[in-house]
Amino acid sequence: MARPIKPLPAVSSPLVDLARDLRQLRDSTGGATLMDMSRVCGMSTAALSKTQSGHYLPTWNAVSGYVTACGGDPSEWRDRWLAARLDQAPEHVERGTMSRRKCIQRWVSTGKMVPPPVKTADQLREVLRWLLHFYDLSLREVAAKSTGYSHSSYHAALAGYRDFTPALLRSLLLGCGVRSTPSLEAWLLALGRTGSEALNTEVFQYIDRTRQAVTEQSDRNNHVEIRSAAASLNTAVRLMSGEGDPFRMQQHYQRTRNAQHRLLLGLSRDVLRAEHILPSGNVVDPQALTPFLRGRAEIPEHLLALLVNSLTWADVSFRRQVFQTLRTSSDFLARGLAHWMTRPLVPDGQLMLFPASEKDSSQAA
């Protein structure tokens, strides 16, 4: 016979509410024994018992295993567990820093994992321990999710046996799940403020190198995306040029439209961020592209030529192919969507990579 469950503490708190809800979830599935639940989720019976006791704050792994063993969805319990953790966070920390509870509350409410104001390296280490506790991660788990450093290196830095470097701090943050660029840079700047002027300079140089590396990787990914989108559009255009039943032609039309939209988004990636100066010296206003990319307005052909001509990393033949493929696909799309793009303004025989002059445009008109 199973041992009776001990009553919950006679207080009202998020921790007790969490334990009560977990017990109700267990009862709704027929009241499985802890041993049966342990076989399903892999957690020990002692950990499962503490999870539903209401006396101890369980780890997220314990709550997730308990819910999984009862057939529930762990993602629906994350907020309740965070509320219990926030309520259990101690209030007092070293003078001059934000309290732990207030810091965690800000992380929960804003979703921005940025550090509170810190002045010393010891305060920064303390806040990093809060971050590890917030994500319920061990240093071994952090090392497994990041690259370049072992859990021993993280332990030595957090214990004060070695100094944090920008690379070590960034690796620790990535292992914790902090991946947004503004948040990472906020932590790095906090590190710079805790040390000497030389450390602060090193931090700024590291941020510049990281930004450049991220931009270069993003550009490489975009180049691959543009080539892939151009190949997809070529295939879609070939299918549109054939004959078929109306249903298949409608499918080809939609495929062509999606492929063209994908290619144009790749071409205008940098332009959509801010005003972009092309290698030729021409300036493209992103506001002029947005209506077109949404399919709500026409786009002048000279603007399309400027976008294609900005692919300085590609050879001339590829740029010519992209431009001509976009023109051909626009002719097909114009049959079903008259305002997708204007008719060509560049006369036959003129180099397609460059915009038509005012004289050529008037002749074409």
Side-chain angles (χ1 to χ4, degrees), residues 1-93 99-109 111 113 126-146 150-152 154-155 158-159 172 174-178:
M1 182 176 179
R3 183 182 302 176
I5 303 177
K6 294 182 179 179
L8 292 169
V11 295
S12 178
S13 68
L15 178 60
V16 175
D17 294 340
L18 174 64
R20 181 182 298 107
D21 293 341
L22 288 173
R23 293 186 181 190
Q24 292 176 355
L25 176 65
R26 179 185 175 187
D27 293 338
S28 66
T29 60
T33 65
L34 294 179
M35 186 63 69
D36 293 336
M37 295 171 61
S38 176
R39 295 191 187 99
V40 174
C41 66
M43 304 292 297
S44 67
T45 56
L48 294 174
S49 178
K50 287 185 176 181
T51 301
Q52 66 175 10
S53 68
H55 292 280
Y56 310 97
L57 177 65
T59 65
W60 169 243
N61 289 336
V63 175
S64 177
Y66 191 104
V67 174
T68 301
C70 294
D73 183 4
S75 63
E76 298 177 357
W77 292 78
R78 183 78 180 184
D79 290 341
R80 277 178 275 193
W81 176 73
L82 286 175
R85 289 189 62 194
L86 182 61
D87 183 69
Q88 294 293 310
E91 181 67 29
H92 176 71
V93 290
S99 71
R100 177 176 179 176
R101 176 179 296 183
K102 186 175 181 181
C103 178
I104 294 178
Q105 186 175 16
R106 187 179 68 173
W107 288 344
V108 172
S109 61
M113 311 308 296
E126 181 66 21
V127 176
L128 286 170
R129 295 189 191 98
W130 300 351
L131 188 68
L132 288 168
H133 181 74
F134 178 81
Y135 282 111
D136 193 25
L137 292 171
S138 67
L139 293 180
R140 290 184 182 274
E141 291 173 325
V142 172
K145 295 180 179 181
S146 59
S150 66
H151 69 281
S152 300
Y154 296 138
H155 172 73
L158 289 171
L172 175 63
L174 291 175
C176 290
V178 180

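- Legend: residues meeting side-chain contact (heavy atoms from CB on, under 4.5 Å) with Glu76, ordered by chain and number and at least two apart, are Asp73.
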Could you give the side-chain donor-acceptor pairs of residues 34-50 under 3.5 Å, partners two or more places apart or in another chain?
unit_1	atom_1	unit_2	atom_2	d
Asp36	OD1	Arg39	NH1	2.8
Asp36	OD2	Thr33	OG1	3.0
Ser38	OG	Met43	O	2.5
Ser44	OG	Ala47	N	3.1

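- In this structure, Trp81 and Asp136 approach most closely via the heavy-atom pair CH2-CB, 3.8 Å.
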Would you tabulate the side-chain donor-acceptor contacts of residues 56-66 under 3.5 Å, counting partners in other chains and residues two or more places apart, or write 'none'?
unit_1	atom_1	unit_2	atom_2	d
Thr59	OG1	Ala62	N	3.2
Tyr66	OH	Gln52	OE1	2.6

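- With sequence neighbours excluded, the residues forming a salt bridge (charged side-chain N to carboxylate O under 4.0 Å, His left out) with Arg129 are Glu126, listed by chain and number.
- Between Leu132 and Leu158 the shortest side-chain heavy-atom distance falls below 4.5 Å.
- Note: Cys176 SG to Leu139 CG = 8.5 Å, rounded to the nearest 0.5 Å.
- For Asp17, the salt bridge (charged side-chain N to carboxylate O under 4.0 Å, His left out) partners at least two apart in sequence or on another chain are Arg20.
- Residue pairs satisfying the salt bridge (charged side-chain N to carboxylate O under 4.0 Å, His left out) criterion with at least one member in residues 21-30, sequence neighbours excluded, are listed as follows: Asp21-Arg80.
- The side-chain contact (heavy atoms from CB on, under 4.5 Å) search around Ser138 returns Arg140, Glu141, not counting sequence neighbours.
- For the pair Thr68 and Pro74, the tightest heavy-atom approach, listed with the atom from each and the gap, is OG1-CG, 3.4 Å.
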Practice problem: Decide side-chain contact (heavy atoms from CB on, under 4.5 Å) for Val178 and Leu131; before the verdict, give the C-alpha distance in whole Å, the side-chain angles of both, and the deciding distance to 0.1 Å. | Solution: CA-CA 10 Å; Val178 180; Leu131 188 68; 4.1 Å; yes
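- Among residues two or more places apart in sequence or in another chain, the side-chain hydrogen bond (donor to acceptor under 3.5 Å, both in side chains) test is passed with Tyr154 by Ser146, Ser171.
- Taking each heavy atom of Ser53 and Ala19 in turn, the nearest pair found is C-CB, 4.2 Å.
- For Trp77, there are no ring pair (Phe, Tyr, Trp, His ring centres under 6.0 Å) partners two or more places apart in sequence or in a different chain.
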